[in-house]
Amino acid sequence: MRTRRLGREIAIALGFKLLALVALYVVFFGPAHRIKVTPAQMAEALSATAPR
């Protein structure tokens, strides 16, 4: 009976950790935080740093 309780506690802890990881991903690395870079912007950035 004790092993079932321990297994349930471990499953709950892992569930909370998974939720926390998903929340952190969405907050810091989600699609809303991605920068859209156009080919023209990239060409300008690369040509500005090229040695002359």
Side-chain angles (χ1 to χ4, degrees):
M1 187 98 30
R2 184 167 171 91
T3 57
R4 278 190 179 179
R5 190 171 127 192
L6 179 61
R8 184 178 22 212
E9 288 179 12
I10 291 172
I12 290 171
L14 289 175
F16 278 127
K17 287 183 180 191
L18 180 63
L19 285 174
L21 285 174
V22 169
L24 286 172
Y25 173 79
V26 169
V27 170
F28 291 107
F29 302 106
H33 294 93
R34 295 198 181 129
I35 298 172
K36 223 33 166 157
V37 179
T38 64
Q41 290 172 329
M42 184 53 69
E44 182 181 336
L46 291 175
S47 65
T49 60
R52 293 181 187 199

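Just so you know, these numbers use all the heavy atoms, side chains as well, and skip hydrogens, waters and symmetry mates.
- Minimum interatomic distance between Gln41 and Lys36 (heavy atoms only, all atoms of both residues): OE1-O, 3.5 Å.
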Residues 7-30, side-chain donor-acceptor partners within the protein, below 3.5 Å, at least two apart:
{"residue": "Glu9", "atom": "OE2", "partner": "Arg5", "partner atom": "NE", "Å": "3.4"}
{"residue": "Tyr25", "atom": "OH", "partner": "Arg34", "partner atom": "NH2", "Å": "3.2"}

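- One finds the CD atom of Glu44 at 10.5 Å from the CG atom of Leu46 (value rounded to the nearest 0.5 Å).
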